[in-house]
Amino acid sequence: MAKEYVKVRADFLPDGGIRPLMFKKEDGEKVVIDRVLDVRPAPALKAGGQGMRYVCRAESRLFYLFLDRERWFLEEE
């Protein structure tokens, strides 16, 4: 499975944290994130690589958003 790089809109918090608010998939679909459930450094098991993993719930589905240096990529559960 290739990495699906996505465009992300996020809030940058005063404590240095980042909270993703929405992302736009390669096919143009916009997904608004309802809730960030977990944030931690982790490997991307399907797409390969690793970064800061954001477990997000949106539209009753779970998504794994990874921030790998300056780029965001997506793994769907």
Side-chain angles (χ1 to χ4, degrees):
M1 172 179 231
K3 290 180 184 177
E4 180 181 355
Y5 288 100
V6 293
K7 184 176 181 179
V8 174
R9 181 166 295 155
D11 277 343
F12 291 80
L13 306 174
D15 66 1
I18 301 171
R19 186 193 183 286
L21 303 172
M22 66 168 289
F23 60 90
K24 186 174 181 181
K25 296 172 77 171
E26 289 178 345
D27 65 5
E29 177 187 2
K30 291 181 182 178
V31 178
V32 176
I33 295 169
D34 299 324
R35 187 167 180 200
V36 176
L37 303 172
D38 186 46
V39 180
R40 71 178 67 197
L45 300 177
K46 295 178 184 176
Q50 74 175 40
M52 189 61 72
R53 181 183 71 188
Y54 294 78
V55 180
C56 303
R57 185 177 63 212
E59 303 169 356
S60 301
R61 297 180 357 210
L62 286 182
F63 296 91
Y64 297 113
L65 268 178
F66 286 86
L67 179 56
D68 181 18
R69 297 187 184 129
E70 304 88 29
R71 296 178 73 184
W72 292 88
F73 66 92
L74 175 67
E75 274 191 352
E76 291 188 53
E77 183 172 79

Open item on the list: I need the minimum non-hydrogen distance between Pro20 and Cys56, along with the two atoms involved.
Closed with: CG-SG, 4.3 Å
TODO: Locate the shortest heavy-atom distance separating Lys25 from Val31; write the atom from each residue and the value.
DONE: CD-CG2, 4.2 Å
Task: ring pair (Phe, Tyr, Trp, His ring centres under 6.0 Å) partners of residues 21-55, not counting sequence neighbours, each pair once - done: Phe23-Phe63, Tyr54-Trp72
Open item on the list: Can you give me the closest heavy-atom contact between Glu75 and Lys46, atom names plus distance?
Closed with: OE2-N, 2.8 Å
Task: Validation row: Asp38, Arg53 side chains within 4.5 angstrom (heavy atoms) - done: yes
Open item on the list: Do Met22 and Val36 land in one hydrophobic cluster if side-chain heavy atoms of ILVMFWY residues count as linked below 4.5 Å?
Closed with: no
Task: Any side-chain heavy-atom pair of Ile33 and Leu21 under 4.5 Å - done: no
Open item on the list: Distance check, rounded to the nearest 0.5 Å: Leu74 atom CG versus Phe66 atom CZ?
Closed with: 9.5 Å
- [ ] Would you indicate whether the side-chain heavy atoms of Asp11 and Ile18 approach each other to under 4.5 Å?
- [x] no
Open item on the list: Quick check on Arg19: does its CZ atom have over 12 non-hydrogen neighbours (other residues, nucleotides or ligands) under 6.0 Å away?
Closed with: yes
Task: Value rounded to 0.5 Å, distance of CD in Glu29 from NZ in Lys24 - done: 11.0 Å
Task: Residue pair Ala44 / Phe73: nearest heavy atoms and the distance that separates them - done: CB-CE1, 3.6 Å
Task: Shared hydrophobic cluster, Val6 / Val39 (ILVMFWY, side-chain heavy atoms < 4.5 Å) - done: yes
Task: Backbone N/O of Gly49 and side chain of Asp68: donor-acceptor pair under 3.5 Å - done: no
Task: With sequence neighbours excluded, residues passing side chain to side chain contact (heavy atoms under 4.5 Å, CB included) with Leu37 - done: Arg35, Val55, Arg57, Leu62
- [ ] For Arg61, enumerate each residue passing the side-chain hydrogen bond (donor to acceptor under 3.5 Å, both in side chains) test, keeping only those at least two apart in sequence or located in another chain.
- [x] Glu76
Open item on the list: Grouping I, L, V, M, F, W and Y whenever their side-chain heavy atoms are under 4.5 Å apart, do Val8 and Val32 come out in a common cluster?
Closed with: no
